[in-house]
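These numbers come from a predicted model, not from an experiment. FYI, the numbering just counts along the sequence from 1. Every heavy atom of this structure was used, including side-chain atoms; hydrogens, water molecules and symmetry mates were not.
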Amino acid sequence: MENAAHPMLALQAAIKQRKGKIVSSEEAVRVIRNGDTIAVSGFLGAVFAEEIARKIEESYLKCGNPRDLTLIYAAGIGDGKEKGVNILAHEGLLKKVVCGHVGLAPKLQKLIRENKILAYNLPQGVINHLTRDIAAHKPGTLSFVGLGTFIDPRLDGGKLNDRTKTEGEDHVQLITVEGKECLFYKSFPINVAVIRGTTADPDGNITMEKEALTLETLSLAMAAKNSGGFVIAQVERIADRGTLNARQVKIPGIFVDCIVVARPEYHWQTNIEVYNPAYSSEIRIPMQSIAPMEMSERKIIARRAAFELRPNSVVNLGIGMPEGVAQVANEEKIIEYLTLTAEPGVIGGMPNSGPNFGTGVNLDALIDQPYQFDFYDGGGLDMAFLGMAQADREGNINVSRYGPRFVGPGGFIDISQNSKKVIFTGTFTAGGLNVGIEDGKLRIFSEGKERKFIQAVEQKTYSGSYGAKSGRPVLYVTERCVFRLIGEGLELIEIAPGMDLENDILALMDFKPVIREEPHLMDARIFRPEPMNLKDDLLSVPLEERFTYHPEENIFFVNFENFFVRSRGDIEKIRDTVEKILVPIGKKVFTIVNYDNFNILPELVDEYADMVKYVMRYYEKTTRYTTSTFLRMKLGDELQERGVAPHICENREDARRKLLGG
């Protein structure tokens, strides 16, 4: 990766001598050469430098320069109409685009569809991490993210049109590291980074106190600077030299070449908010002020999905249908027991929806987007609720391309491949679906014209086979039924009251799902107008319901997820319940114990371990699992001291394989 110094840096040095780094937008865009690779920040409308983008467009339309640019960006930037990267979508101005999402840029989609430009989709988190790796002069980014999807070079390699497939270079390579398949995303120099902040001083130090997000702005500035390139920053206002609090400076001046003060109309906080102090965490708002959802197919789906929530879980909510889960959680007054997150860096509070998606209110913290994806890719999410445009018999999901319309994956691939549990959400059919509720039963007033459960998805944004091999639980939630992912594909497990299995479900699928037993009815509370009282469900599972015996496999399941042992009485109840269930069976059983989010007072650990040793007399073989490293070590040590097999697995699938000798 060659990093020749940008020839306009000499001009910038002269400008700085005259008036610091503060220049007009016209002066700033003059540094962009024909053929440059430019990277821009933004998430929908947040942190996008619209003033600079419009000046680039104006310069091209007036004098034909700059032209043949390569545009790099990570998240979807636009409003689905005219804003965001739509501004730069001109034939001749752009030669190539590498991005995570193009669904909000119809003008860019048109250029891609008509083969006017080379075009690539890469996962949003990968682009964030690649930006950091470019800054560090690494050869590229190595990741499991994208395997088995259309990003995989064995499928499309992220190439979006015929021109790219015949003329474009390969940005993704399949390699093997220590016997495991990985994807290698190659680095490239960034000639110009276009970023945004709130306040700058004449030396280029930038703070972001009124921005709703911070995104990857720092990484972009570093990547361009270390590529020998140029950094243009759009801000709202200028502060005197030396007056900015160093702890609030997000982009140090050493990384910035030009500062442009934007006109107010081109520096909105989001696409539809000029400025809301709650979005920049300057104030907190009462959660009661958030209006409840109206009953619809979207609310039915969000309500059913919300039954999967667990206390103390860290959750990601995708764009579109999954956004309703946060609203339902707020209505049910359980949001305080969860940590909701969004991929641009939002942690805690209430994520916003619609045109403000990606931002939030009442946050616990806001971190840079690349760090959020570090956490996501490492398995930090307990569960993710994501959209579902198409699904097929293997459990594959498509959310990235529909016929001629390119959308892109955004963070979908990063999140779906790495969350401990995934719940895909979407209507059963599309295009005119109209449903209602009568007497607690679902009614279909008009069926959607388009089938969504088809033989094979148009583009593989999620790989069902890859997901099934991981052993992570995966659900597919619609307004009329629920499926889960198993090795054989999709299994139908629930059906809404009022639905006919044959006519309302099977007849509208291009394949027959696995049906092992009669599907259960979806919870009746979903289809009633009053609150579902999820708080009671979330916080209290009766002890006797935590034990299940499956006679056909002779397996005894013990679910201690979110269970807190607070007294000797709790330990005695566990022992008594085990004996009550197992003594009548008359033979030893195979046992799997779920210790996820299990907690116990330290002074009770010894007594608890003694109880475990006592009930082992009823077990033929036992496996235990928890994602908590601390608990695996602590409980494992106590069991080993008592002569009980101490190994504790990390997930249910590993525990089951170990139990059955697989």
Side-chain angles (χ1 to χ4, degrees), residues 148-149 297-298 300-305 307-308 321-322 383-400 402 412 416-417 419 421-431 433 435 441-444 447-524 526-527 550 552-553 652-653 656:
T149 73
E297 65 274 14
R298 296 177 70 89
I300 292 169
I301 293 167
R303 279 184 149 195
R304 171 56 188 89
F307 274 87
E308 302 305 314
M321 193 70 70
M383 62 184 68
F385 296 85
L386 301 170
M388 175 177 63
Q390 292 177 337
D392 64 23
R393 64 166 61 249
E394 295 180 1
N396 301 316
I397 293 287
N398 172 30
V399 297
S400 50
Y402 321 113
F412 185 97
S416 63
Q417 287 191 340
S419 298
K421 183 174 186 177
V422 181
I423 300 94
F424 295 114
T425 60
T427 55
F428 190 76
T429 60
L433 176 66
V435 308
K441 295 181 179 180
L442 182 66
R443 293 286 181 260
I444 309 296
E447 190 59 80
K449 299 179 181 66
E450 300 172 22
R451 293 190 176 193
K452 295 177 66 172
F453 289 84
I454 58 180
Q455 282 287 352
V457 296
E458 290 182 61
Q459 192 170 71
K460 199 181 293 186
T461 330
Y462 173 79
S463 169
S465 60
Y466 187 91
K469 289 175 184 175
S470 75
R472 300 185 182 99
V474 179
L475 294 180
Y476 304 71
V477 176
T478 77
E479 80 286 350
R480 70 188 72 178
C481 61
V482 179
F483 302 89
R484 70 180 170 198
L485 181 64
I486 59 174
E488 299 92 321
L490 290 189
E491 179 187 9
L492 179 62
I493 58 173
E494 294 179 28
I495 185 171
M499 291 294 94
D500 180 81
L501 175 60
E502 183 59 42
N503 295 325
D504 294 321
I505 297 174
L506 299 182
L508 299 174
M509 300 178 68
D510 287 354
F511 62 91
K512 186 175 181 179
V514 176
I515 304 178
R516 291 177 171 173
E517 57 186 26
E518 184 177 350
H520 299 292
L521 282 178
M522 294 168 68
D523 196 295
I526 296 169
F527 304 93
H550 291 201
E552 66 276 8
E553 299 175 290
R652 177 171 177 152
E653 194 62 27
R656 189 182 182 93

Hits for salt bridge (charged side-chain N to carboxylate O under 4.0 Å, His left out) against Arg484, two or more places apart or cross-chain, chain-then-number order -> Glu491

Rounded to the nearest 0.5 angstrom, the CG-NZ distance for Leu521 and Lys441 is 9.5 Å

dist Met509:CE -> Phe483:CZ (nearest 0.5 Å) comes out at 3.5 Å

* Asked: Heavy atoms, side chains only, cut-off 4.5 Å: are Met499 and Met522 in contact?
  -> no

Those residues at least two apart in sequence (or on a different chain) that pass side chain to side chain contact (heavy atoms under 4.5 Å, CB included) with Ala524 are Arg528

* Asked: Would a 4.5 Å heavy-atom cut-off, applied to side chains only, mark Asp504 and Ile495 as touching?
  -> no

*Counting only N and O atoms by type, is there a donor-acceptor contact under 3.5 Å from the side chain of Ser419 to the main-chain atoms of Lys421?*
no

In short, Ser416 meets Val422 closest at the heavy-atom pair O-CG2, 3.5 Å

Taken to the nearest 0.5 Å, the spacing of Thr461 OG1 from Met388 CE works out to 12.5 Å

When rounded to the nearest 0.5 Å, the distance separating CG of Asn396 from OH of Tyr462 is 9.0 Å

Original post:
Do Gln459 and Ser400 pass the side chain to side chain donor-acceptor pair (under 3.5 Å) test, and can you show the C-alpha distance, the side-chain angles, and the key distance before you say yes or no?
Top reply: CA-CA 7 Å; Gln459 192 170 71; Ser400 50; 2.6 Å; yes

In short, Gly467 meets Leu485 closest at the heavy-atom pair C-CD2, 4.0 Å

| query | Going by heavy atoms in the side chains, are Leu475 and Arg304 under 4.5 Å from each other? | reply | yes

In short, Ile300 meets Phe527 closest at the heavy-atom pair CG2-CE2, 3.7 Å

Asp523 meets the salt bridge (charged side-chain N to carboxylate O under 4.0 Å, His left out) criterion, sequence neighbours left out, with Arg525

Contacts of Phe412 meeting ring pair (Phe, Tyr, Trp, His ring centres under 6.0 Å) (sequence neighbours excluded), chain-then-number -> Phe424

**Study point:** Check: Gln417 main-chain N/O paired with Arg472 side-chain donor or acceptor under 3.5 Å
**Key:** yes

Value for CG (Leu501) from CD1 (Ile515), rounded to nearest 0.5 Å, stands at 5.0 Å

- Evaluate the side-chain proximity of Ile397 to Val457: yes if any heavy-atom separation is below 4.5 Å, no if none is. no

Correct closest heavy-atom pair for Phe428 and Lys452 would be O-CB, 3.5 Å

In this structure, CD of Glu308 is separated from CZ of Phe385 (nearest 0.5 Å) by 7.0 Å

In short, side chain to side chain donor-acceptor pair (under 3.5 Å) pairs touching residues 474-483 with sequence neighbours left out are Glu447-Arg480

Contacts satisfying salt bridge (Lys or Arg N to Asp or Glu O under 4.0 Å) that involve residues 456-467 (not counting sequence neighbours) are none

All heavy atoms of Pro322 vs all of Gly387, minimum pair found to be CG-N, 3.5 Å

Measuring only between side-chain heavy atoms, which start at C-beta, is Leu506 closer than 4.5 Å to Pro513?
yes

Correct closest heavy-atom pair for Ala305 and Val477 would be N-CG1, 4.3 Å

